[in-house]
Amino acid sequence: MMKKLTNETFYVGVDDKTLDLFEGQYIIPNGISYNSYVIMDDKIAVMDTVDKRATAEWFENLTQVLGNREPDYLIVLHMEPDHAASIELFMDKYPHAKIVSNAKTFGMIPQFFPGLSFEDRKVVVSETTPLELGKHTLQFIMAPMVHWPEVMVAYDSYDKALFSADAFGKFGALDVDEEWDCEARRYYINIVGKYGAQVQNLLKKASTLDIQKIFPLHGPMLTENLAHYIGKYDTWSSYRPEDKGIFIAYASVYGHTKAVAERLKEMIEAKSDIKVSLADLARDDMAEAVEDAFRYDRLVLASVTYDGGLFPVMESFIAHLKSKNYQNRKVGFIENGSWAPMAAKKMKAEFESLKNITLLEPVVTIKSAYKEADKVQLTALVDSLLAE
């Protein structure tokens, strides 16, 4: 798809609706876009390539924009293969084009393209070396670990546009009409979420610029209401809860632990109008469960005891939370066991090392199946969850 964004800037990216798993693990029911841009000035700059799955269509889009002209530069903001897989083919097709990036990127290129000769074609830039195209001048801002170490973003002072690499990206092809927040949140928390401090650093640098457009490497171009998107990134990257609410994540074998989780949800809703979300970790999308754990300010984990420990999906869920620097939340626990309940002890131990986590009491212990006598424990947990 080719689209004119400003007088001289064009979108030449490609939608991919046949990929089942993004990065080999995240379901993308509405596909993904591989975004690439061209600035047609006295000098022509192509901003990133695309995944190898989309190379042929990308070249078609590129040719539509270039006509009889050849690009002067390929700017590489990010070396992840969904954006950089077509570098070598681009260099073959346009033998006079220079490759523009930072020193870390040039250290990575041979790892992906062994034998590729580019020493006489590289332009090494930093935050103090702008690239003059004509009317357009690109200023580069290093953004290490957002979410690879070589990442940089580029600011076009003429169009007041930020080419933001993976920042401000989202799941979903461009022709899908859906809310930005949900799939951008799932994308951010699961892919970039570990690196909140680095995102905060980038936001601080970007705050000194007059940004009126954001052109990410995935998802739609953002051209209005930018305060909303930047505000979301500030919340997510500072690990602050986005909404008041309770997320209940359960792992159940025969349905008894599930029944307790559902009973807890009913009891909370009977006493409060607070949002309560429920997930079956064995069946629901793990990435969405991680997203909801970060979205809300309270979390309840309900797990059966399994082989003296946690049910595997609960173990995996907690590992995901820890890997993304889960913090600043209240967490409650429900365990189930027929002879030696151990799940709560195991779960609590995982959270004790995390920052600013309040472990709620009481821990609810169920023996096999829910009984009316267990209501006392659940009621106390509800009160703890709802206490300000």
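Just so you know, these numbers come straight off a predicted model, no measurement behind them.
- With contacts defined as side-chain heavy-atom distances shorter than 4.5 Å, the pair V125/M152 qualifies.
- Between L66 and M40, the closest side-chain pair of non-hydrogen atoms falls below 4.5 Å.
- Ring geometry for F22 against Y187 counts as tilted: the plane angle lies between 30° and 60°, on a 0 to 90° scale.
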* To do: I would like to know whether H147 and E80 meet side chain to side chain donor-acceptor pair (under 3.5 Å); could you show each step before the answer?
  => CA-CA 10 Å; H147 61 125; E80 203 166 4; 3.0 Å; yes
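- A salt bridge is absent between K213 and E224: the closest approach of a Lys/Arg side-chain nitrogen to an acidic carboxylate oxygen does not fall below 4.0 angstrom.
- Between the T49 side chain and the S86 main chain, a donor and an acceptor come within less than 3.5 Å of each other.
- The CG atom of N336 sits 6.5 Å away from atom OG of S368, with the distance rounded to the nearest 0.5 Å.
- Here the closest non-hydrogen pair linking A84 and M79 is CB-O, 3.6 Å.
- A donor-acceptor distance shorter than 3.5 angstrom exists from the side chain of K98 to the backbone of D120, with no hydrogens or angles considered.
- I318 contributes atom CD1, which lies 9.5 Å from atom CG of L354 (distance to the nearest 0.5 angstrom).
- L360 places a side-chain heavy atom less than 4.5 Å from the side chain of L385.
- Cation-pi geometry between K122 and F106 is met: under 6.0 angstrom from the ring centre, within 45 degrees of the axis.
- A donor atom on one side chain and an acceptor atom on the other are not found under 3.5 Å apart for S277 and R295.
- With no hydrogens or angles considered, a side-chain donor-acceptor pair links S237 and Q200 at under 3.5 Å.
- Side chain of H320 to backbone of S316: a donor-acceptor contact under 3.5 angstrom is found.
- Looking at Y37, Y11, Y155, F168 one by one, the single match for ring-ring contact (aromatic ring centres under 6.0 Å, His included) with F163 turns out to be Y37.
- No hydrogens or angles considered: nothing links the side chains of D15 and S33 as a donor-acceptor pair under 3.5 Å.
- Annotation: side chain of H96 is in contact with side chain of E70 (closest heavy-atom distance under 4.5 Å).
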* To do: Check the pair I268, I246 against side-chain contact (heavy atoms from CB on, under 4.5 Å), reporting the backbone distance first and the verdict last.
  => CA-CA 9 Å; I268 294 169; I246 301 169; 3.9 Å; yes
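- Here the side chain of R329 pairs a donor or acceptor atom with the backbone of Y296 at under 3.5 angstrom.
- With salt bridges taken as basic N to acidic carboxylate O contacts below 4.0 Å, one links E350 and K322.
- Counted by atom type alone, N35 and H83 present zero donor-acceptor pairs between their side chains at under 3.5 Å.
- Looking at E361 and K348, a side-chain N of the basic residue comes within less than 4.0 Å of a carboxylate O on the acidic one, giving a salt bridge.
- Residues K346 and M314 fail the side-chain proximity criterion, which asks for heavy atoms closer than 4.5 Å.
- Dense packing is recorded around CZ of R69, with more than 12 heavy atoms of other residues, nucleotides or ligands lying under 6.0 Å away.
- Note that K3 lies outside the cation-pi zone of F10, set by a 6.0 Å cut-off to the ring centre and a 45° limit from the axis.
- L299 and L381 fall into different hydrophobic clusters, where Ile, Leu, Val, Met, Phe, Trp and Tyr side chains are chained together by heavy-atom contacts under 4.5 Å.
- Residue L359 holds its CG atom at 11.0 Å from CE of M347, rounded to the nearest 0.5 Å.
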* To do: Give the intermediate values and the outcome of side-chain contact (heavy atoms from CB on, under 4.5 Å) for residues I191 and F171.
  => CA-CA 11 Å; I191 294 175; F171 294 126; 3.9 Å; yes
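- Few gaps surround NZ on K205; more than 12 heavy atoms of other groups in view lie less than 6.0 Å from it.
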* For the pair E242 and R185, evaluate salt bridge (Lys or Arg N to Asp or Glu O under 4.0 Å) and give the outcome as yes or no after the intermediate values. => CA-CA 10 Å; E242 187 177 349; R185 183 190 303 109; 2.7 Å; yes
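- A salt bridge is absent between K170 and E183: the closest approach of a Lys/Arg side-chain nitrogen to an acidic carboxylate oxygen does not fall below 4.0 angstrom.
- Ring geometry, F351 versus F333: the interplanar angle exceeds 60°, so the pair is classed perpendicular (tilted spans 30 to 60°).
- Between D82 and K52, no side-chain nitrogen of the basic residue sits less than 4.0 Å from a carboxylate oxygen of the acidic one, so the salt-bridge criterion is not met.
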* To do: For the pair D181 and H228, evaluate side chain to side chain donor-acceptor pair (under 3.5 Å) and give the outcome as yes or no after the intermediate values.
  => CA-CA 10 Å; D181 290 11; H228 172 80; 2.8 Å; yes
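- The residues K367 and D374 are annotated as not salt-bridged, no charged nitrogen and carboxylate oxygen being separated by less than 4.0 angstrom.
- Ionic pairing of R263 and E266 is present here: one or more N-O contacts between side-chain nitrogen and carboxylate oxygen are shorter than 4.0 angstrom.
- Looking at T6, its side chain never comes within 3.5 Å of a backbone N or O of D159 through a donor-acceptor pair.
- Under a hydrophobic clustering in which Ile, Leu, Val, Met, Phe, Trp and Tyr are joined whenever their side-chain heavy atoms come within less than 4.5 Å, directly or via other members, V290 and V313 fall into the same cluster.
- In this structure, L89 and T55 have side chains that are in contact, with non-hydrogen atoms separated by less than 4.5 Å.
- Within the 4.5 Å cutoff, the side chain of Y250 has heavy atoms near those of the K258 side chain.
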* Asked: Should Y326 and V331 be marked as a side-chain contact (heavy atoms from CB on, under 4.5 Å) after you check the CA-CA gap, both sets of side-chain angles, and the distance that decides it?
  -> CA-CA 11 Å; Y326 192 69; V331 183; 4.2 Å; yes
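- Residues F311 and V260 do not share a hydrophobic cluster, clusters being chains of Ile/Leu/Val/Met/Phe/Trp/Tyr side chains in contact below 4.5 Å.
- Counting non-hydrogen atoms of other residues, nucleotides and ligands closer than 6.0 Å to OH of Y306 gives a total of 12 or fewer.
- R186 has its side chain within reach of D285: a pair of non-hydrogen atoms, C-beta onward, lies under 4.5 Å apart.
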* Derivation of the salt bridge (Lys or Arg N to Asp or Glu O under 4.0 Å) call for D175 and K17 -> CA-CA 10 Å; D175 66 356; K17 288 187 158 182; 2.9 Å; yes
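- Between the side chains of Q25 and N190, not a single donor N or O lies within less than 3.5 Å of an accepting N or O.
- No side-chain donor from either of D48 and H78 sits under 3.5 Å from a side-chain acceptor of the other.
- Classification of K160 and D210 as a salt-bridged pair holds, one side-chain N sitting under 4.0 Å from a carboxylate O.
- Across L301, V363, V364, a single residue satisfies side chain to side chain contact (heavy atoms under 4.5 Å, CB included) together with I334, and that is V364.
- Other residues, nucleotides and ligands contribute more than 12 heavy atoms inside 6.0 Å of the CZ atom of F112.
- The aromatic rings of Y239 and F294 sit tilted, their planes meeting at an angle between 30° and 60°.
- Taking the centre of each ring, Y34 and W58 stay at or above the 6.0 Å mark.
- For Y94 and F90, the ring centers sit closer than 6.0 Å to each other.
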* Mind running side-chain contact (heavy atoms from CB on, under 4.5 Å) on D166 and V146 for me, showing each step along the way? => CA-CA 7 Å; D166 271 349; V146 185; over 6 Å; no
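- In this structure, K355 places its NZ atom where only 12 or fewer heavy-atom neighbours from other residues, nucleotides or ligands lie under 6.0 Å away.
- For T18 and D16, the side-chain atoms include at least one donor-acceptor pair closer than 3.5 Å.
- Ion pairing between a basic and an acidic side chain is recognised when a charged N comes within 4.0 Å of a carboxylate O; R240 and D297 show no such pairing.
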